[in-house]
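So you know, we letter chains A, B, ... as the sequences are listed, proteins then strands, and number each from 1.
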4 protein chains.
Amino acid sequence: MIISMKKHASKKDIEHVMQKFKDAGLQIHESIGENYNVFGIVGDTSCIDIDQIEANPYVEHVQRIAAPYKLANRMFHPQDTIVDVNGIHIGGKKPIVVIGGPCSVESEEMIERIAYKVKEAGACMLRGGAYKPRTSPYAFQGMGTQGILAMEKAGKKTGLPIVSELMSADKLDEFIEHVDVIQIGARNMQNFDLLKAVGKTKKPILLKRGLANTIEEWIMAAEYILSEGNPNVIFCERGIRTFEPYTRNTLDLSVIPIIKEKTHLPIIIDPSHATGDWKLVESASLAAIAAGADGLIIEVHDDPENAMSDGVQSLLPEKFDALVEKGRKIAHVLGRDLL
Amino acid sequence: MIISMKKHASKKDIEHVMQKFKDAGLQIHESIGENYNVFGIVGDTSCIDIDQIEANPYVEHVQRIAAPYKLANRMFHPQDTIVDVNGIHIGGKKPIVVIGGPCSVESEEMIERIAYKVKEAGACMLRGGAYKPRTSPYAFQGMGTQGILAMEKAGKKTGLPIVSELMSADKLDEFIEHVDVIQIGARNMQNFDLLKAVGKTKKPILLKRGLANTIEEWIMAAEYILSEGNPNVIFCERGIRTFEPYTRNTLDLSVIPIIKEKTHLPIIIDPSHATGDWKLVESASLAAIAAGADGLIIEVHDDPENAMSDGVQSLLPEKFDALVEKGRKIAHVLGRDLL
Amino acid sequence: MIISMKKHASKKDIEHVMQKFKDAGLQIHESIGENYNVFGIVGDTSCIDIDQIEANPYVEHVQRIAAPYKLANRMFHPQDTIVDVNGIHIGGKKPIVVIGGPCSVESEEMIERIAYKVKEAGACMLRGGAYKPRTSPYAFQGMGTQGILAMEKAGKKTGLPIVSELMSADKLDEFIEHVDVIQIGARNMQNFDLLKAVGKTKKPILLKRGLANTIEEWIMAAEYILSEGNPNVIFCERGIRTFEPYTRNTLDLSVIPIIKEKTHLPIIIDPSHATGDWKLVESASLAAIAAGADGLIIEVHDDPENAMSDGVQSLLPEKFDALVEKGRKIAHVLGRDLL
Amino acid sequence: MIISMKKHASKKDIEHVMQKFKDAGLQIHESIGENYNVFGIVGDTSCIDIDQIEANPYVEHVQRIAAPYKLANRMFHPQDTIVDVNGIHIGGKKPIVVIGGPCSVESEEMIERIAYKVKEAGACMLRGGAYKPRTSPYAFQGMGTQGILAMEKAGKKTGLPIVSELMSADKLDEFIEHVDVIQIGARNMQNFDLLKAVGKTKKPILLKRGLANTIEEWIMAAEYILSEGNPNVIFCERGIRTFEPYTRNTLDLSVIPIIKEKTHLPIIIDPSHATGDWKLVESASLAAIAAGADGLIIEVHDDPENAMSDGVQSLLPEKFDALVEKGRKIAHVLGRDLL
């Protein structure tokens, strides 16, 4: 951490600031120039609160050099983390996983029918929402517990592990019992109580990036989960909010090499929410694989125009099938396979 | 609602789409041109899911004309809602309220001391956080229940109603018992389970705008609370996330006349989080009053550089005092007072 | 175009608005409901100014259905435009082109040396800046005419067509004489006088997307060029500005399928400016090819740390070479080649 | 400037980087820690190109401490710059100026008529566009030279100095002869050749902030003008592009105190383009004055629905009049007047 003190800071003002670092057992390196007094603070500064230091009126600027996260940091954990979902391995150089399924579970029959279709098309996990975060209180809010149980049944019949979104910690026991991968949605990426709750389990957690959260904030959200003892975090990019109205969000694929450089955790891509338009999903999916993603999570529905949510971004099973085939070939170019 | 069907849509395709509207008891007005077939759907369309219609491959475009919210809509509730907080009235042409206090409650002594200072300087309510949403799991997370009880005590001694952030529904009973205004933070603006929970109470709810949420999404979040039966919603703008790195957020004051046109609910401004820098708080506060805000919520601390959070954006009590004085004069120009 | 008139608009008010459309020879379809009066305007509305209509106090909302561009519109020009650069064809199902070279031409010797290196590595065109748009007036502004002549020489020796940025119409003759593809930079995307000027030539124009311009604005910029008589426009996405500080810009690859659906023009990707970091360039390049791009334009330098500009995002020739090899294999998966 | 070198950088690698600073006559202060080697570079670093340093593979991070601008920097020019427009003084504690007029000059008669109306309502300068940057090539592009001459005439008759936008350097002589304040539009904020051209004159330059430009980039654009010898720069904020669709742009009033702290130049606000809706203009204008602006530039039209551009955001003269009255009272609260 580097602190620049204002030119007119007195020796006493400076000492006052530095005392806090000394108290924290950190080393201080001084570099006094004509216009600025600069101090390098050496040691584990991840617990230092930058805001607090900047509140001092004699401090010009504080710059963190070391990342504010430790457990997610590749520097201290060089090997890739491989998350195991009922024997399916995500991360590292492992085969790329494709997760398919509807936005919402609409009935027991429907989720089973689509589960078979996505499995046939090459998916190795089943997605589906039973608790739905909807902008409008008047929109379909999901089937709740019945949806979770229907997914579990469809998962067991097809042999596909299931992924579903948890919106509130009071349903955590239900998810621990019936769901294989717990999804934290974009809107809850900084719902810190929910992050702490899932951090206390050992379940694989699919952590979506928030609508307008930086990569660093996203890694810090993972750090919340890791610091409670759960190492099984899978990042999921789903597009960020920008000024562009044509797409629902703007898919930021640069996060793939960045997350892999900064952290040791796997990262997958959700092209359905990123684009909001099924016609753009194949292009985005192939790009994600080429960019180095560890997996894809794609909305598939066999009757999109009657889907209870997100029909416009859902692929028909046959289109999903074609996408998986092309994706596999791109994976091969990168020396990976597609599960 | 206006639906444009694609040029090559057959009569049957069109009928298929229109049947849904007929089933919902809506009227349909047809306008068939050379290149497009346009249909106006008349009636209460707030429950119609646009996404679902757009999923139909023959639909070119859907445009909502009526707003998707009803209870918050000024069209159906022309008079201003006045929220009553222990006899302090917020909204309408009522005097502008100023809420002051520290970011975090740090001790019983500290919150009491600052409560007296902000009261003296002209605040009519006390803010303070006991449960803190922090980016880092290693940062101070707040005093919890002890903080709430300390605030309650300081509030009773000074006669100031208290405002504090609720992060999780499992603390709702504590807030109902001890807190006067429940704040929903920016990161939880679309935590729909939390919105539903506070909607079941009658407490005044301070609903902050999310980091990157549109005005319409924000009103829909209020609609969640209203639709559960709680009419006491106060909007609070605290800046949105943009590309500009100099300020913590970009304060969007245009929301004041927009919220007042579209809804009947009061709106206040948080210049502290919006700017992230105490030196910018006075300018933003006076601008907010001039723009028509019903109130301000400002971070005040008497020892910012030792504050446990947000010191850099906290005003000293004497600066807060000067701000209140100027703000009062601007309120007078607009024909309002400052409580 | 669809116009919603306010509920309380009188018959006379409505007629007043509609008269303008009648005068323009457009057909009007009426749909009068309980709360809204909706009118469909049919015919060529691309010259109608939406702002002007919305200025009428009785107009609630105007929605354009037809795109505001004609010449760029695939609807009226279904076949792909192939831009011919000295025999190299860009667009359609043609082989993907790779353009390489330094950010700035630094000397005659340097540009020739790098030209040979990028050619060897598989580039089929040479990029290089002689007029440089720099944020700071104190930064290197480019070699100017000497740089253009040096590029031309290097291009002739290696047989590579050259691409360079034109910043001001007063240098247009120089570019027409010496440069093969004229680049319009992101900062000049809406420099309409410059667009009109290059529209009067027949030179291929590489039109970069502006920092914060929507896809529609970008196509309208192309429309400026096309409407002056020059059909040879190549779109180039180079990342947009978002809140994320880690990358220089956020690369928006969704534009590839969108531009190809909406227009008939080719589109290439600039992963160097998009990411601002050479370590991210390969991932972004492969993703661009997988997403369907018609080409790449990549910064290459053999001594990045002494480059006079953009060293940090320049690839070493050997890394560029490896990238081209992988890119070719991905192109094959999509049934294309890499030139 | 502070440079962090990577942990594994050898002594020779470090010396290689530092040699450049020594060659530039800068002093180097070393601070070597366990994980990082930090160097403070002291002296005038405004000409150092950060990108070039970061291109070195052993450099971890470069942080500029001193601002990259000199002539605009208040540190080296503590007193306020007052720009003189035919005897009207802008900046410092001088009275706030209000500039009014139509978006476009539509005829000699029209600009004269509106000039009298805005003068009567309290404007001290006249705005009007003769060269219009329009998104569409099919939209009205302005009257050109005839418009400039008509404005000049209206200005002379009413005694109001005139402000108009210059889009291309080839019209500079015309503007020098006939226009009082040359406006550089948002889309041309980084048209560096245009900035250099107006920098060679002594005319007051109204420099609008670009759609998505940071405050630092904006100051650097001013620095281009200043460094060519023209000290008469007036900043003009007109809203930035964000994700919010309701307003045309998002007005960022925090720039007022920031520009005043960082630079010595005046700053005015354009609430018309910022909001894009006349109903929001008064609120934004009063907020701007309360925030400390040195002036306002407002679109006024007496027949908005027949305006050839921007009618929807133009105020009627009577509304403009009312706004000026309220603005004056708010100026008084801040101890200023309104010219």
Side-chain angles (χ1 to χ4, degrees), chain A residues 67 209-219 237 239-262 269 271 274-293 325-335, chain C residues 67 209-219 237 239-262 269 271 274-293 325-335:
Chain A
R209 183 180 183 186
L211 235 64
N213 285 109
T214 63
I215 296 172
E216 190 171 297
E217 289 169 342
W218 193 18
I219 301 177
E237 159 75 20
I240 54 173
R241 187 158 270 187
T242 68
F243 60 83
E244 174 59 57
Y246 196 89
T247 43
R248 182 164 171 177
N249 295 290
T250 297
L251 179 59
D252 180 7
L253 291 177
S254 74
V255 299
I256 298 171
I258 293 170
I259 285 288
K260 286 181 173 292
E261 181 198 343
K262 301 282 175 198
I269 301 295
T275 61
D277 182 350
W278 69 265
K279 293 193 300 294
L280 305 175
V281 167
E282 182 180 295
S283 170
S285 299
L286 301 183
I289 294 176
E325 276 325 290
K326 286 189 203 166
R328 190 183 310 279
K329 288 180 195 156
I330 291 182
H332 292 165
V333 172
L334 303 188
Chain C
R209 182 180 182 184
L211 235 66
N213 285 110
T214 62
I215 295 171
E216 190 170 296
E217 288 168 343
W218 193 19
I219 300 176
E237 158 75 18
I240 54 173
R241 187 157 270 186
T242 68
F243 60 82
E244 174 59 56
Y246 195 88
T247 45
R248 184 165 170 176
N249 295 288
T250 298
L251 180 59
D252 180 7
L253 291 176
S254 74
V255 298
I256 299 171
I258 293 170
I259 285 288
K260 285 180 173 294
E261 181 197 344
K262 300 281 175 197
I269 302 295
T275 61
D277 182 350
W278 69 264
K279 292 193 301 293
L280 304 175
V281 167
E282 182 179 296
S283 169
S285 299
L286 301 182
I289 293 176
E325 277 324 291
K326 285 188 202 164
R328 190 182 311 279
K329 288 179 195 157
I330 291 181
H332 291 165
V333 172
L334 304 187

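- Using a 4.5 Å cut-off between heavy atoms, C:A284 does not touch chain A at all.
- The choice from C:I330, C:L253, C:L251, C:D252 that makes the most heavy-atom pairs within less than 4.5 Å of chain A is C:I330.
- Contact of A:I289 with chain C is not made at all, since no heavy-atom distance falls under 4.5 Å.
- Interface with chain C: from residues 275-283 of chain A, residues A:K279, A:L280, A:S283 qualify, criterion being any non-hydrogen pair under 4.5 Å.
- Taking the salt bridge (Lys or Arg N to Asp or Glu O under 4.0 Å) definition, one finds that A:R241 meets it with B:E217, sequence neighbours left out.
- The contact between A:T214 and chain C is made by backbone and side chain atoms together, counting heavy-atom distances below 4.5 Å.
- Minimum heavy-atom separation, C:L286 to A:A290: O-CB, 3.4 Å.
- Heavy-atom distances place the side chain of C:I240, and not its backbone, under 4.5 Å from chain A.
- Heavy-atom pairs under 4.5 Å with chain A peak, among C:E244, C:E216, C:K329, at C:E244.
- For the atom pair CZ (A:F243) and CG (C:N213), the distance works out to 6.5 Å, reported to the nearest 0.5 Å.
- Remark: C:R248 pairs with C:D310, C:Q313 by the side-chain hydrogen bond (donor to acceptor under 3.5 Å, both in side chains) rule, at least two apart or across chains.
- A:V333 and C:K326 get closest at one heavy-atom pair: CG1-O, 3.9 Å.
- Residue-level contacts of residues 255-262 of chain A with chain C, in order of numbering, are A:P257, A:I258, A:E261, A:K262; threshold 4.5 Å between heavy atoms.
- Heavy-atom distances place the side chain of A:Y246, and not its backbone, under 4.5 Å from chain C.
- With chain C as partner, the option from A:T247, A:T250, A:T242, A:I215 having the largest number of non-hydrogen pairs under 4.5 angstrom is A:I215.
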